[in-house]
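Every value quoted in this text rests on a predicted model; they were computed, and no experiment measured them.
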Amino acid sequence: MSYRYYISLEDYERAARNGIKRGTLEWRVRVAAWGIEQAVRTPPRKLSNHSKWIEIAAKNGIPYQNFINRVSAKWTPERAATQPLLTNEKRAEQMKKQNPVKRIYPEELIKQAVSNGVSRNTFYQRVRNGWNWERAATEQLVSPQESGRRGTRTVRQRYGNINALIFIKKRITS
């Protein structure tokens with residue numbers, strides 16, 4: 001298929017009869033490299049006007065981009081504008097209902113961890129780092145100060161007093 005970039009007056013007239021504007025025809029032929037016949041015959045896409053639904057979505061607390069994403073995902077504009085957003089808790093609940101077979105850790109253990117002040121993500125990270133499930137769920141979080149103390153203690157046990165090497169007094173030898 002060869003491309004010709006010259007658009008004749010007849011082509012412009014045929015395109016106008018099919019509802020294609022002059023700029024659209026030129027873009028199709030010169031930029032998008034459509035053939036003249038395809039560019040003249042293919043009607044332009046019909047864009048929908050969702051301004052009414054966008055206002056309703058804004059009143060319902062649904063951000064513009066969420067509304068557009070929903071409509072793009074084949075939701076009706078009415079549903080996209082009126083169905084409330086899911087909270088993180090409801091989203092997690094839906095995931096639990098949909099994937100009970102994929103669950104690795106017992107739900108009771110995760111609930112115990114949350115009641116002990118350990119978040120779900122912290123629990124998962126602890127298990128990935130080699131902790132057993134019970135310890136990961138029951139051991140309290142460590143404050144930054146305590147973490148620093150433990151680190152200092154470990155360094156001193158492994159290497160001795162590292163500050164002694166830095167601040168050692170030089171002996172004057174005569």
Name the atoms and distances for all side-chain donor-acceptor pairs under 3.5 Å in residues 150-159, with sequence neighbours left out.
| residue | atom | partner | partner atom | Å |
| --- | --- | --- | --- | --- |
| Arg150 | NE | Glu146 | OE2 | 3.3 |
| Thr152 | OG1 | Gly148 | O | 2.9 |
| Thr154 | OG1 | Arg150 | O | 2.9 |

Give every donor-acceptor pair under 3.5 Å between a side-chain atom in residues 80-89 and any protein atom, sequence neighbours left out.
| residue | atom | partner | partner atom | Å |
| --- | --- | --- | --- | --- |
| Thr82 | OG1 | Glu78 | O | 2.7 |
| Gln83 | OE1 | Arg79 | NE | 3.0 |
| Thr87 | OG1 | Lys90 | N | 3.2 |
| Asn88 | OD1 | Arg91 | NH1 | 3.1 |

Take Ile20 and Arg14 through the test side-chain contact (heavy atoms from CB on, under 4.5 Å) and record every step on the way to the result.
CA-CA 9 Å; Ile20 301 167; Arg14 284 184 20 223; over 6 Å; no

Counting C-beta onward and ignoring hydrogens, is there a side-chain heavy-atom pair between Ile62 and Arg70 closer than 4.5 Å?
yes

So which pairs with a foot in residues 113-135 pass salt bridge (Lys or Arg N to Asp or Glu O under 4.0 Å), sequence neighbours left out?
Glu107-Arg120, Arg135-Glu139

Show, in sequence, the C-alpha distance, side-chain angles and deciding distance for Ile110 and Tyr124, and conclude whether the side-chain contact (heavy atoms from CB on, under 4.5 Å) test is met.
CA-CA 9 Å; Ile110 293 175; Tyr124 291 153; 3.8 Å; yes

Tell me which pairs pass salt bridge (Lys or Arg N to Asp or Glu O under 4.0 Å) where either residue lies in residues 40-57, with sequence neighbours left out.
Glu37-Arg41

Val31: which other cluster members, linking ILVMFWY side chains closer than 4.5 Å, directly or transitively?
Trp27

With ring pair (Phe, Tyr, Trp, His ring centres under 6.0 Å) as the rule and sequence neighbours excluded, what pairs involving residues 53-72 come up?
His50-Phe67

By side chain to side chain donor-acceptor pair (under 3.5 Å), Thr76 pairs with (sequence neighbours left out) none

Would you find a donor on one side and an acceptor on the other, under 3.5 Å apart, between the side chain of Asp11 and the backbone of Ser8?
yes

Considering residues at least two apart in sequence or located in another chain, which fulfil the side chain to side chain donor-acceptor pair (under 3.5 Å) criterion with Asn69?
Gln65

Is the shortest heavy-atom distance from the side chain of Val40 to the side chain of Tyr12 under 4.5 Å?
no

Which ILVMFWY residues are connected to Leu9, directly or by a chain of links, through side-chain heavy atoms under 4.5 Å apart?
none

If you look only at pairs with a residue in residues 130-157, which of them pass as a ring pair (Phe, Tyr, Trp, His ring centres under 6.0 Å), with sequence neighbours excluded?
Tyr105-Trp133

All side chain to side chain contact (heavy atoms under 4.5 Å, CB included) counterparts of Asn116, not counting sequence neighbours
Gln112, Thr138, Gln140

Under the side chain to side chain contact (heavy atoms under 4.5 Å, CB included) test, residues paired with Asn49 that sit two or more places apart:
Ser51

For the pair Ser147 (side chain) and Ser143 (backbone), establish whether a donor and an acceptor sit closer than 3.5 Å, ignoring hydrogens and angles.
no

